[in-house]
Amino acid sequence: MLKGKTALVTGSTSGIGLGIAKSLAARGANIVLNGFGDSDGPKSVIAALGVQVAFHGADMSKPSEIEEMMRFAAKQFGRVDILVNNAGIQHVAKIEDFPVDKWDAVLAINLSSAFHATRLALPAMKAANWGRIINVSSAHGLVGSAEKSAYVAAKHGLIGLTKVAALETATSGVTCNAICPGWVLTPLVQQQVDAKAAAQNISNEAAKRQLLGEKEPSMQFTTPEELGELAVFFCSPAGNNVRGVAWNMDGGWVAQ
Ligand code: NAD
């Protein structure tokens with residue numbers, strides 16, 4: 001279905017980004033990976049799916065490096081057809097204690113990076129009259145939680161950006177939508193599980209159950225594979241007129 005298309009997935013050396021990259025590669029898309037840490041492992045996982053894969057280590061908090069990454073992707077594959085804005089970080093603290101540099105970093109990586117990648121990807125998508133922009137927001141893009149001011153603000157902002165991008169492309173073959181996961185057991189959430197286990201002197205399993213019990217009626221983590229299949233749907237012909245949605249896959253979190 002996606003043979004001949006190129007997908008750039010930010011923050012795809014791990015977790016949800018890698019899961020989405022795998023699902024898109026399994027449908028034939030060539031992949032540009034991005035993120036910190038080991039890139040050889042993720043590259044070979046994607047290459048094993050029989051598509052071409054490239055990696056660019058742009059720091060998504062730096063607009064100049066995002067520009068370099070977009071130039072690199074165009075040089076490697078001609079054009080980015082599918083842009084998945086997924087890179088993200090978390091920091092947990094009350095507003096009055098929230099370190100200003102952490103606020104700036106969360107906003108830069110979780111929100112401004114999507115603006116930069118989108119503004120740079122749109123001209124070629126519009127010229128080709130086909131494109132998919134998928135923003136990985138969160139249940140925290142739809143509702144708040146205490147001690148996550150920067151994250152909740154960035155994820156709500158990302159849904160706003162999604163709607164505007166969808167409107168500005170509404171008469172074209174380019175669509176823009178957001179995915180809003182609930183808890184997914186990736187390194188980002190494992191850190192919060194570990195902090196809970198340590199603070200309350202409880203086991204990791206008990207901390208996971210507590211985390212789910214606070215928010216997610218299904219008592220199940222959403223998986224990167226499930227989120228990958230939602231991204232595939234947005235890229236399919238059935239997704240042609242799905243524009244500006246914020247689609248939660250969250251075990252009932254925001255239904256409450
Ligand atoms: P993760 O920590 O496993 O992966 C984050 C990825 O982003 C990694 O590849 C990391 O290297 C990359 N990254 C971090 N800072 C970067 C930077 N400055 N420049 C480039 N890459 C950078 O986390 P995850 O859980 O897979 O999160 C992926 C996205 O999903 C994030 O936007 C996150 O907010 C969102 N999300 C996660 C959950 C969850 O429960 N895990 C829930 C809702 C939304």
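Remember, it's 1-based here, ligands and their atoms both numbered in the order they're listed.
- Panel note: side chain D81, backbone T6; a donor-acceptor pair is recorded below 3.5 Å.
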Start with the C-alpha distance between K22 and L18, add both sets of side-chain angles, then the distance that settles side-chain contact (heavy atoms from CB on, under 4.5 Å), and finish with yes or no. CA-CA 6 Å; K22 278 162 64 179; L18 183 56; 4.2 Å; yes

Could you go through E67 and R119, starting from their C-alpha distance and side-chain angles, then the distance that decides it, and tell me whether this counts as salt bridge (charged side-chain N to carboxylate O under 4.0 Å, His left out)? CA-CA 10 Å; E67 285 171 10; R119 73 179 170 81; 3.0 Å; yes

Please tabulate, for the side chains in residues 236-243, all donor-acceptor contacts under 3.5 angstrom to protein atoms that are two or more places apart in sequence or on a different chain.
residue	atom	partner	partner atom	Å
S236	OG	F233	O	2.7
S236	OG	A238	N	3.3
N240	OD1	R132	NH2	2.8
N240	ND2	P237	O	3.3
N241	OD1	R243	NE	3.0
R243	NH1	T169	O	3.3
R243	NH1	A170	O	3.4
R243	NH1	S172	O	3.3
R243	NH1	V174	O	2.9
R243	NH2	S172	O	2.9
R243	NH2	N240	O	3.3

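- When heavy-atom distances to ligand 1 are checked against 4.0 Å, the residues falling inside are G11, S12, T13, S14, G15, I16, N34, G35, F36, A58, D59, M60, N86, A87, G88, I89, I109, V136, S137, S138, Y151, K155, P181, G182, W183, V184, T186, P187, L188, V189, ordered by chain and number.
- Remark: of the listed residues T118, N177, N135, N135 is the sole one forming a side chain to side chain donor-acceptor pair (under 3.5 Å) with T162.
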Assess whether salt bridge (charged side-chain N to carboxylate O under 4.0 Å, His left out) is satisfied between K208 and E205, documenting all intermediate values. CA-CA 5 Å; K208 281 183 202 163; E205 280 313 306; 3.1 Å; yes

